[in-house]
J.: 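Below is the structure I would like to discuss, written out as structure tokens.
From a predicted model like this one, the values you see are computed outputs, not experimental measurements. Sequence lines set the chain letters: A, B, ... in the order given, protein chains first and strands last, and positions in each chain run from 1.
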Amino acid sequence: MAKKTAIQPTRSEDYPSWYQQVIKAADMAENSDVRGCMVIKPWGYAIWENMQAALDRMFKETGHENAYFPLFIPLRFLEKEAEHVDGFAKECAVVTHHRLEPGPDGGLVPAGKLEEPLIVRPTSETIIGSSFARWIQSYRDLPLKINQWANVVRWELRTRMFLRTSEFLWQEGHTAHATKEEALEETRLMLDVYADFAENWMAMPVIKGEKTDGERFPGAESTLTIEAMMQDRKALQSGTSHFLGQNFAKAQEIKYQDTNGEEVHAWTTSWGLSTRMVGALIMTHSDDDGLVLPPRLAPKHVVISPIYKSDSDRGQILDYCKQIENALAEKSFHGDPVKVMIDDRDMRGGEKKWFHVKRGVPIRLEVGPRDIADHKVFMSRRDTGENQSIDKNEFIAEAVNILANIQNNLYERALKLQKENTVRIDSLDEFKAYFTAKDSNKPEIHGGFAMSHWCEDPAVYKVLEELKVTIRCVPFDEPEENGVCIFTGKPSTKRAVFGKAY
RNA sequence: CGGGGCGUAGCUCAGCCUGGUAGAGCGCUUGCUUUGGGAGCAAGAGGUCGCAUGUUCAAAUCAUGUCGCCCCGACCA
């Protein structure tokens, strides 16, 4: 008899369904009345706010300023950059009217047709570029480093909560530089910021690399990416940083006078990271009992449940809990106070326990009369499920270390999964076997990442398409090495990461 | 846009094949009991069965149409 899990089905039974159930059980989000759009509920939004706070600080530390640009973009703006149009045209929401009037059947019908349709931003390169063109006159105006926190809309055919929704929240950084070198440096710097965030806050190991031609952002010269492996061994693109060359600068006349008095085009970059990261967080750490949160992003670090045997215990037990809360509030976990919640709701113990387990709170404490008598607390760790009775003062002294230990354990666990499921493959047969499910009707978890030699050739993409595998990136860490493309036999100097992707 | 599935109480679903007065479990409300582990008993609230048309004495049930959702593909952060 299998152990009863809080989430059903389990990961191994049905991963996509498990994912949806975790979101529901942890009360993070729900589907809305608008197709493809979700409602982010307080617990899910608090996680996003923690991500925002960490990233925002990092952006400011690297010299960026926040600003805000319009939700609507004139249609003609999008037309300016040819590749950009191709990339986004298929998924744009278009606003064509500005008024509603009573219709024949008692409902409302759009009226007041707009002279020029507006599109709801799928990304803001064009509208921000038009501002940049006005703001930038001289080399003294550069570099210009702007970030905006915003919502964007991409009309997706198929959506999945957090991973792909028609509307999503993100940040988009946009910068303009005097030289190509400086813009390239910025592109790389921001990718490093994303990787730092993923690994140190999310406890999610990532592979940094460059996208191949087919996977690049529409209109970019190069796209850098961080790729993470989820527990079903599929890849999730988790943040991208684009070197836009002078493509957008030329399309939008972002020009400045250099020190010689000559008018030249600026070099621009853009980089973005979205609420998709909340999905990444779920799929990286969570288990069959629900969400598991890395302490650095958890809305609450410690939840204390008082356990009353009788009403007369109440005051005493609550005082004891408050002592712990106050003592922890003075401890610093990465510069912030330890976030404690005393859950004093009148609920049964078991129900209350599972409530917090499912929501992924890193540490749960239970305090009853026996603990008080012994000056102890009963502690459970969400990451390992370990329970222990521990001296109260010892816990207070160790709490920050335990949180750090959980953070580290989650990272190491995720890294182990990634390493164990990344293999170097040097033959096409082996490659095919690696990515082929034994039961095509109900594909079991198979494959992972493959590191293989390749080349830019239509034949390569044909095979990949058949296997539903994509080139995730050409990793920076991978050394140059002479080999042959496993698809064509042509010479190759570097391996790329291949995988099935979200 | 293709292929599958589903719309019945807040949630999960049964009932439909074979038409005949709307069901269960969970949740919710109230009371009592319980409390170191997803409580027990009792009482109660809650549904024009997605929508429209048709067939019929009679439709949740049959037919046609329509809208919406979910899953699997193609496309994408």
Side-chain angles (χ1 to χ4, degrees), chain A residues 4-9 14-17 19-21 24-25 30-37 86-92 122-123 152-172 194 211 214-218 223 225-228 235-242 270-280 289-290 305-311 313-314 317 345-358 364-373 376-380 387 389 437 440-443 465-466 468 470 472 500-502:
Chain A
K4 195 196 169 196
T5 56
I7 303 297
Q8 280 164 335
D14 184 346
Y15 196 84
S17 187
Y19 174 76
Q20 307 240 85
Q21 293 304 322
K24 199 169 165 183
E30 63 189 20
N31 277 313
S32 72
D33 295 329
V34 183
R35 183 200 166 89
C37 296
D86 284 348
F88 288 107
K90 291 188 293 277
E91 49 187 30
C92 284
T123 178
V152 287
V153 168
R154 296 180 190 174
W155 212 260
E156 298 292 347
L157 300 175
R158 194 176 153 221
T159 59
R160 312 180 83 172
M161 286 220 236
F162 289 113
L163 297 178
R164 178 166 297 104
T165 46
S166 290
E167 180 190 15
F168 59 92
L169 307 182
W170 77 345
Q171 65 57 222
E172 46 181 323
Y194 286 160
K211 286 288 188 189
E215 301 277 333
R216 202 181 291 137
F217 176 76
T223 288
T225 178
I226 51 172
E227 297 285 327
L236 187 76
Q237 178 175 313
S238 307
T240 47
S241 183
H242 315 290
S270 69
W271 26 277
L273 185 147
S274 74
T275 38
R276 172 176 248 206
M277 284 308 239
V278 178
D289 286 327
S305 304
I307 292 160
Y308 309 121
K309 288 286 202 182
S310 66
D311 280 350
D313 294 336
R314 264 191 121 76
I317 293 174
R345 289 175 301 168
D346 183 19
M347 261 171 115
R348 294 188 60 78
E351 203 178 339
K352 196 182 277 186
K353 167 193 161 177
W354 285 106
F355 179 88
H356 296 292
V357 169
K358 287 186 283 194
R364 279 184 308 107
L365 293 186
E366 291 165 11
V367 173
R370 288 212 299 269
D371 302 299
I372 296 182
K376 292 194 159 185
V377 293
F378 188 77
M379 178 185 82
S380 303
N387 301 318
S389 190
S440 57
N441 290 322
K442 190 179 180 301
E465 201 172 319
E466 282 165 14
K468 288 165 197 147
T470 49
R472 301 318 303 154
K500 304 218 175 196
Y502 274 97

J.: Assuming nearest nucleotide by heavy-atom distance, tell me which of A:Lys358 and A:Ala501 is located more 5' along RNA chain B.
T.: A:Lys358
J.: Would you kindly give the CD-to-C1' distance between A:Glu465 and B:G73, to the nearest whole Å?
T.: 12 Å
J.: State plainly whether the residues A:Arg345 and A:Glu351 are in salt-bridge range, i.e. N to O under 4.0 Å.
T.: no
J.: Please state the C1' separation for the pair B:G36 and B:A24 - nearest whole angstrom.
T.: 33 Å
J.: Hey, does the Lys NZ or Arg CZ of A:Arg364 hover above the aromatic six-ring of A:Phe378, less than 6.0 Å from the centre and inside 45° of the axis?
T.: no
J.: From B:A39, B:A77, B:G36, pick the nucleotide closest to the side chain of A:Glu351?
T.: B:A39
J.: Both distances below 3.5 Å, Watson-Crick or wobble geometry, any strand: find the nucleotide opposite B:C1.
T.: B:G73
J.: Give none if B:U29 has no partner; otherwise give the nucleotide forming a Watson-Crick or G-U wobble pair with it, both distances under 3.5 Å.
T.: B:A43
J.: Rounding to the closest angstrom, what is the interatomic distance between B:C41 and B:C69 at atom P?
T.: 40 Å
J.: Answer with yes or no whether the side chains of A:His242 and A:Ser270 bring together a donor and an acceptor at under 3.5 Å.
T.: no
J.: Partner of B:A60 by Watson-Crick or G-U wobble geometry, both contacts under 3.5 Å, or none?
T.: none
J.: Mind checking the C1' distance from B:G65 to B:C70? Whole angstroms is fine.
T.: 22 Å
J.: Find the distance A:Met161:CE to B:C70:P and express it as a whole number of Å.
T.: 9 Å
J.: Counting side-chain heavy atoms from CB outward, which of B:C75, B:A74, B:C71 is closest to A:Lys468?
T.: B:A74
J.: Within the distance-only criterion (no hydrogens, no angle test), does the side chain of A:Thr223 pair as donor or acceptor with the backbone N or O of A:Phe217 below 3.5 angstrom?
T.: yes
J.: Counting the atoms with a prime plus P, OP1 and OP2 as sugar-phosphate, which does A:Leu163 contact under 4.0 Å by heavy atoms, base, sugar-phosphate, or nothing?
T.: base
J.: Between B:C67 and B:C51, how far apart are the C1' atoms? Round to whole Å, please.
T.: 7 Å
J.: Please confirm whether A:Arg154 makes a cation-pi placement over A:Trp170, using NZ or CZ under 6.0 Å from the six-membered ring centre and within 45° of the ring normal.
T.: yes
J.: Where the side chain of A:Gln20 is concerned, which of B:G38, B:A77, B:C70 is the nearest nucleotide?
T.: B:C70
J.: With distance as the sole test, does A:Arg276 use its side chain to make a donor-acceptor pair with the main-chain N or O of A:Gln237 at under 3.5 Å?
T.: yes
J.: Given side-chain contact (heavy atoms from CB on, under 4.5 Å), test A:Ser380 with A:Asn387 step by step and report yes or no.
T.: CA-CA 4 Å; A:Ser380 303; A:Asn387 301 318; 2.6 Å; yes
J.: Between A:Gln237 and B:C76, is there a side-chain N or O to OP1/OP2 distance below 4.0 Å?
T.: no
J.: Does B:G36 have a Watson-Crick or wobble mate here (both distances under 3.5 Å), and if so which one?
T.: none
J.: For A:Pro369 and A:Phe168, take the nucleotide of RNA chain B holding the closest heavy atom to each; which residue's nucleotide lies nearer the 5' end?
T.: A:Pro369
J.: I need the OH-P distance between A:Tyr502 and B:C71, as an integer number of Å.
T.: 12 Å
J.: Does A:Asp289 reach the main-chain N or O of A:Ala6 with its side chain, forming a donor-acceptor pair under 3.5 Å?
T.: yes
J.: Could you give the distance separating B:A58 and B:C16 at their C1' atoms, to the nearest angstrom?
T.: 16 Å
J.: Which nucleotide, if any, forms a Watson-Crick or G-U wobble pair with B:A9, using both distances under 3.5 Å?
T.: none
J.: Determine the contact category for A:Thr240: base if any of its heavy atoms lies under 4.0 Å from a base atom, sugar-phosphate if only primed atoms, P, OP1 or OP2 are that close, otherwise nothing.
T.: nothing
J.: What does the list of N/O pairs under 3.5 Å between the protein and nucleotides 29-35 of chain B look like, with a distance for each?
T.:
| residue | atom | partner | partner atom | Å |
| --- | --- | --- | --- | --- |
| B:U34 | O2 | A:Arg348 | NH1 | 2.6 |

J.: I'd like the P distance from B:C26 over to B:G19, given in whole Å.
T.: 33 Å
J.: Which whole-number value in Å describes the distance from A:Lys24 NZ to B:G27 P?
T.: 15 Å
J.: Considering every strand shown, what is the Watson-Crick or G-U wobble mate of B:U66 when both distances are under 3.5 Å?
T.: B:G50
J.: Hey, does A:Phe217 reach any base, or is it just sugar-phosphate, or nothing, if we go heavy atoms under 4.0 Å?
T.: nothing
J.: Using the C1' atom as the point on both nucleotides, what is the distance between B:G46 and B:G10, in whole Å?
T.: 9 Å
J.: Find the distance A:Phe88:CZ to B:A77:C1' and express it as a whole number of Å.
T.: 9 Å
J.: Assign A:Thr223 to base, sugar-phosphate, or nothing according to its heavy-atom contacts below 4.0 angstrom with the strands shown.
T.: nothing
J.: Check for a donor-acceptor pair, side chain of A:Lys211 on one end and backbone N or O of A:Arg472 on the other, with a separation under 3.5 Å.
T.: yes
J.: Rounded to whole Å, please give me the gap between CD in A:Glu215 and P in B:C76.
T.: 8 Å
J.: Would you say A:Asn31 places a side-chain N or O within less than 4.0 Å of OP1 or OP2 belonging to B:C69?
T.: no
J.: Can you measure A:Arg164 atom CZ to B:C71 atom P for me and round it to whole angstrom units?
T.: 13 Å
J.: Main chain of A:Ser166, side chain of A:Thr159: is a donor-acceptor contact present, judged purely on distance under 3.5 Å?
T.: no
J.: Considering only the P atoms, how many Å lie between B:U48 and B:G23, rounded to the nearest integer?
T.: 14 Å
J.: Nearest-Å distance, NZ (A:Lys353) to P (B:A39)?
T.: 12 Å
